[in-house]
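Quick note: numbers below take in every heavy atom, side chains included, and nothing from hydrogens, waters or symmetry partners. Every chain is numbered from 1, with letters handed out A, B, ... down the list of sequences.
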There are 2 protein chains.
Amino acid sequence: MQERVQGRIQARSDTKAQIQDAALASFGTAGYDGTSLDDLARGLGIRKQTILYHFVSKRGLLNAVVDRCAGDLTGAMDEVLSGADRDWDRVEALVRRVFRVALEQPVMLGLLREVSRPGSPGAQRLRTHMEPMMARARVWIEGEMAAGRMRRADAQLLLISAYSTVVGVATETEVLRAAGIEPTLRPVVQRRRELLNFLRSSLDPRD
Amino acid sequence: MQERVQGRIQARSDTKAQIQDAALASFGTAGYDGTSLDDLARGLGIRKQTILYHFVSKRGLLNAVVDRCAGDLTGAMDEVLSGADRDWDRVEALVRRVFRVALEQPVMLGLLREVSRPGSPGAQRLRTHMEPMMARARVWIEGEMAAGRMRRADAQLLLISAYSTVVGVATETEVLRAAGIEPTLRPVVQRRRELLNFLRSSLDPRD
DNA sequence: AAGGGTCTTTACCAGTTGGTAGAGAGACGG
DNA sequence: CCGTCTCTCTACCAACTGGTAAAGACCCTT
């Protein structure tokens, strides 16, 4: 009301993005049910109805937030998949890239955690993003196996194991914070190393 | 109303315990905010006010549930700590015992997950249970280290790593379920093995 | 200057939330 | 038979929930 007198063209995208940012943080920390649109709006200095104008409903807001995060993630993965790395190097690059995103945007981990719970309103939405990504990865891996560039293994189980490791990092970060320990990079890096070791011993033919 | 005409002495503990069981399940799956006392009561065929009679408030109910679970866990750990196992064997027995409790009462894992989130209403309560337990374990481990029966390592970091592994199992089980995979023992057993390997390589002097 | 589009607001609503007050039912000891 | 204790109920409430309707403010185009 005070400073928003500025030009509308800037404010247009601004407000919407700000709402999304605040929602991401709140959903990730307080949870979906624990987030009220009034509180969210109050925190931004706007009215709840402004939120409902940009995102039709609370559920729509959650979906938008999930979509954006999933977009960030798939975008990062696409970069790697269209890169020069091949065979095992590509797997390693993929893991490192995903962990980098997670580390750079820690709020995303909170949302991932919230939305991973089955029965969560966002679980279904997340699934629609994850499933094609997982299927694609699975096809690629199985192709590599068939071509003899990777050792034979249960690709699906491997992928799920990798996925749950990432979600596990989300949980771990918060457990650490709850234990009063300032979240550092160390445990995350350790998890990444463990995951890479696991994948290497399962897939790398040079092993 | 129909069958509860039976003697009151039985009903007394019965109702309270049933409320606690249902609350444990609901808090663990739908979350604290996602659980309404009305729904909870309806599921039990009683009125919400009956719940509020036995547990003063919703928060009180959560605390009671957390207390009971923490009691189960500390009780199990006490059994091991007063048992015959020594040195490394005791560590292994402890891990196996905790995992056994988690496997036998999977609903507890859901609650643990919900309540591990910092900012969750139950986080504080959980902490009051966990902190003395952790402190006690730490003192013991450091004593063993000083006596040369275990290799020197950062005891606190080790404990937190172990703790977050258990919480990770809670998350993983739900991720698997969300992925459409019937939760089996396998990943849990694998996590236990990984944890034991990690602890052994950190602590066991015979290694 | 006027009309239309975009955005944010005020006003309002029905349903649900956790919680309080108090009555009624049954068991038990006197 | 009566009072008391334990338990569960009905009745009610203020606060808050997500959501609707519509008016006002601002910009751009004509």
Only one of R200(A), E194(A), R193(A) clears side-chain hydrogen bond (donor to acceptor under 3.5 Å, both in side chains) with N197(A); which?
-> R200(A)
Here the distance between atom C1' of dG18(D) and atom CG of D33(A), to the nearest Å, is 12 Å
Return the value, rounded to whole Å, for the distance between atom CD1 of I51(A) and atom C1' of dT17(D).
-> 13 Å
From CD1 of I19(A) across to C1' of dT8(C) the rounded distance in Å is 10 Å
Ignoring the backbone of D39(B), work out which of dG19(D), dT17(C), dT10(C) is nearest its side chain.
-> dT17(C)
More than 12 non-hydrogen atoms from neighbouring residues, nucleotides or ligands closer than 6.0 Å to CD on Q124(A), yes or no?
-> no
Rounded to the nearest 0.5 Å, what separation is found between the OH atom of Y163(A) and the CG atom of L112(A)?
-> 5.0 Å
Among dT20(D), dT17(D), dA21(C), which nucleotide sits nearest the side chain of Q49(B)?
-> dA21(C)
What's the CG-P distance between L52(A) and dT9(C), to the nearest Å?
-> 12 Å
To the nearest Å, give me how far apart CZ (F55(B)) and C1' (dC7(D)) are.
-> 14 Å
Rounded distance in Å - CG (D38(A)) to C1' (dT17(C)) | 14 Å
Verify, without hydrogens or angle tests, whether R97(B) (side chain) and V80(B) (backbone) share a donor-acceptor contact under 3.5 angstrom.
-> no
T50(A) side chain N/O closer than 4.0 Å to the phosphate oxygens (OP1, OP2) of dC7(C)?
-> no
Of dC9(D), dG19(D), dG19(C), the nucleotide closest to the side chain of R47(B) is dC9(D)
Any H54(B) side-chain nitrogen or oxygen under 4.0 Å from OP1 or OP2 of dT8(D) = yes
Could you tell me whether D78(A) and R136(A) have a side-chain N and a carboxylate O separated by less than 4.0 Å?
-> yes
Please determine, for the side chain of K48(A), which listed nucleotide (dC9(D), dG19(D), dG19(C)) has the closest atom?
-> dG19(D)
Among the candidates dT8(C), dG18(C), dG18(D), find the nucleotide nearest to the side-chain atoms of S36(B).
-> dG18(C)
Provide, to the nearest angstrom, the distance between the CG atom belonging to D14(A) and the C1' atom belonging to dT6(C).
-> 15 Å
Length of the CD1-C1' vector between I46(A) and dA25(D), whole Å = 16 Å
NA contact type, L37(A), heavy-atom cut-off 4.0 Å: base, sugar-phosphate, or nothing?
-> sugar-phosphate
Out of dT8(D), dT10(D), dT8(C), minimum distance to the side chain of Y53(B) belongs to dT8(D)
Using a cut-off of strictly less than 4.0 Å, decide whether T15(B) has a side-chain nitrogen or oxygen near OP1 or OP2 of dC7(D).
-> no
